[in-house]
Amino acid sequence: MTAAFDRFEEHIQQCAEAIEIYNHLKGVGYAADFSLRFVWVASISALDFYISELIVEKGTLHFANSIPLSQKLLNETVPMASLLALHSVTPAQQVLEFRKIISLAVKFRTFQKAEDVATGSLSFGTNSTSGMRSLLSLALKISLQNVD
């Protein structure tokens with residue numbers, strides 16, 4: 001597993017905890033429907049963050065190990081100053097600079113619909129829309145499995 005997936009699992013676990021709180025509050029007579037909205041938003045947000053972090057992780061790994069980058073990453077636009085910075089630093093610093101560049105490239109993108117998730121996954125060479133739909137489905141099942 002990747003660090004990005006580990007964080008994704010942590011976020012989904014937090015959703016499961018919110019469902020436990022919902023079930024407890026509902027069980028003692030309180031209206032707690034707001035927590036289900038939280039679970040929905042947090043689950044989708046967790047997936048979005050996971051894809052963003054995975055692009056950064058895998059892209060940096062490819063760059064650091066001279067593995068060819070995907071066409072999707074090669075088509076990204078970056079500031080000229082960032083490119084110039086790559087030429088004037090050590091190889092280790094190049095990897096860190098590349099990570100910063102790719103982080104900025106995906107920072108304001110959203111990966112919330114299955115198609116967006118699949119598009120994000122194309123950045124590191126995976127093109128399985130059905131696999132990404134399965135991941136989204138899994139996230140929602142995990143987070144909603146204990147709702148009464």
Side-chain angles (χ1 to χ4, degrees), residues 1-24 32-147:
M1 289 295 131
T2 65
F5 190 75
D6 291 343
R7 279 190 294 281
F8 174 71
E9 284 186 319
E10 288 173 24
H11 293 148
I12 295 303
Q13 180 57 39
Q14 291 168 352
C15 291
E17 291 169 8
I19 290 171
E20 287 179 33
I21 293 168
Y22 164 80
N23 287 333
H24 173 74
D33 292 346
F34 67 89
S35 62
L36 295 180
R37 282 188 291 260
F38 164 79
V39 169
W40 176 256
V41 171
S43 297
I44 298 302
S45 223
L47 181 65
D48 180 81
F49 184 72
Y50 168 65
I51 295 298
S52 297
E53 288 297 300
L54 192 60
I55 292 169
V56 172
E57 250 179 55
K58 294 292 188 176
T60 303
L61 180 68
H62 283 210
F63 179 81
N65 293 302
S66 300
I67 299 170
L69 297 173
S70 70
Q71 193 59 46
K72 183 86 173 141
L73 279 180
L74 291 172
N75 288 335
E76 289 294 333
T77 56
V78 298
M80 193 60 96
S82 297
L83 293 176
L84 295 174
L86 285 176
H87 293 290
S88 60
V89 295
T90 67
Q93 289 171 316
Q94 285 179 347
V95 172
L96 294 174
E97 190 63 31
F98 180 84
R99 185 176 184 86
K100 185 169 86 175
I101 291 168
I102 198 170
S103 293
L104 290 173
V106 299
K107 184 177 184 177
F108 296 109
R109 300 242 175 103
T110 60
F111 304 101
Q112 297 177 359
K113 297 185 294 187
E115 292 75 21
D116 298 335
V117 172
T119 298
S121 70
L122 287 173
S123 297
F124 52 88
T126 302
N127 60 5
S128 170
T129 304
S130 63
M132 291 302 126
R133 282 191 177 128
S134 296
L135 182 60
L136 177 58
S137 177
L138 173 65
L140 294 176
K141 282 179 189 174
I142 290 169
S143 63
L144 296 175
Q145 68 186 354
N146 295 320
V147 175

Enquirer: Is Glu10 paired with Arg7 through a side-chain N to carboxylate O contact shorter than 4.0 Å?
Expert: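 So Arg7 does not pair with Glu10 through a salt bridge.
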Enquirer: From Leu61 CG over to Glu57 CD, what is the distance, rounded to the nearest 0.5 angstrom?
Expert: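 These two atoms lie 8.5 Å from each other.
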Enquirer: Out of curiosity, Lys100 NZ to Leu96 CG, how far, rounded to the nearest 0.5 Å?
Expert: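 Between Lys100 NZ and Leu96 CG, I get 9.5 Å after rounding to 0.5 Å.
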Enquirer: Mind checking side chain to side chain donor-acceptor pair (under 3.5 Å) for Asn65 and listing every partner two or more places apart, or none if nothing turns up?
Expert: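 Residues passing side chain to side chain donor-acceptor pair (under 3.5 Å) with Asn65: none at all.
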Enquirer: So, do Phe5 and Tyr50 have ring centers that fall under 6.0 Å from each other?
Expert: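 Centroid separation for Phe5 and Tyr50: below 6.0 Å.
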Enquirer: Are side-chain heavy atoms of Glu97 and Ile101 found at a separation under 4.5 Å?
Expert: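 The answer is yes; the side chains approach within 4.5 Å.
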Enquirer: Any side-chain heavy-atom pair from Phe98 and Leu69 closer than 4.5 angstrom?
Expert: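 When only atoms from C-beta onward are counted, Leu69 and Phe98 do touch, with a gap below 4.5 Å.
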Enquirer: Would you name the heavy atoms of Ala64 and Val95 that are closest together and state the gap between them?
Expert: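 Where Ala64 meets Val95 most closely, the heavy atoms are CB-CG2, 3.7 Å.
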Enquirer: Can you find a pair of side-chain heavy atoms, one from Ser70 and one from Leu73, that are under 4.5 Å apart?
Expert: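 SC-SC contact between Ser70 and Leu73 confirmed.
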Enquirer: Determine the minimum heavy-atom distance between Phe63 and Gln94, stating which atoms define it.
Expert: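 Phe63 and Gln94 have their closest heavy atoms at CE2-O, 3.6 Å.
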Enquirer: So which heavy atom on Ala46 is nearest to which on Ile12, and how close?
Expert: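 Here Ala46 and Ile12 meet closest at CB-CD1, 4.2 Å.
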Enquirer: Would you confirm whether Asn75, through its side chain, and Gln71, through its main-chain N or O, come within 3.5 Å as a donor-acceptor pair?
Expert: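 Side chain of Asn75 to backbone of Gln71: a pair is present.
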Enquirer: Roughly how far apart are Asp6 CG and His11 NE2, rounded to 0.5 Å?
Expert: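 That separation rounds to 11.0 Å.
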Enquirer: Side-chain donor-acceptor contacts of residues 77-90 below 3.5 Å, not counting sequence neighbours, with atom names and distances?
Expert:
{"unit_1": "Ser88", "atom_1": "OG", "unit_2": "Ala85", "atom_2": "O", "d": "3.4"}
{"unit_1": "Thr90", "atom_1": "OG1", "unit_2": "Gln93", "atom_2": "N", "d": "3.2"}
{"unit_1": "Thr90", "atom_1": "OG1", "unit_2": "Gln93", "atom_2": "OE1", "d": "3.1"}

Enquirer: With sequence neighbours left out, write down each residue that passes side chain to side chain contact (heavy atoms under 4.5 Å, CB included) with Ala18, or none if nothing qualifies.
Expert: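 Applying side chain to side chain contact (heavy atoms under 4.5 Å, CB included) to Ala18 gives Phe38, Val39.
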Enquirer: So which heavy atom on Ala4 is nearest to which on Glu53, and how close?
Expert: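 So the two residues come closest at CB-CB, 3.7 Å.
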Enquirer: Check side chain to side chain contact (heavy atoms under 4.5 Å, CB included) between Ala32 and all other residues, then give those that pass, not counting sequence neighbours.
Expert: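 Partners of Ala32 by the side chain to side chain contact (heavy atoms under 4.5 Å, CB included) criterion, ordered by chain and then number, come out as Tyr22, Leu25, Phe34, Ser35.
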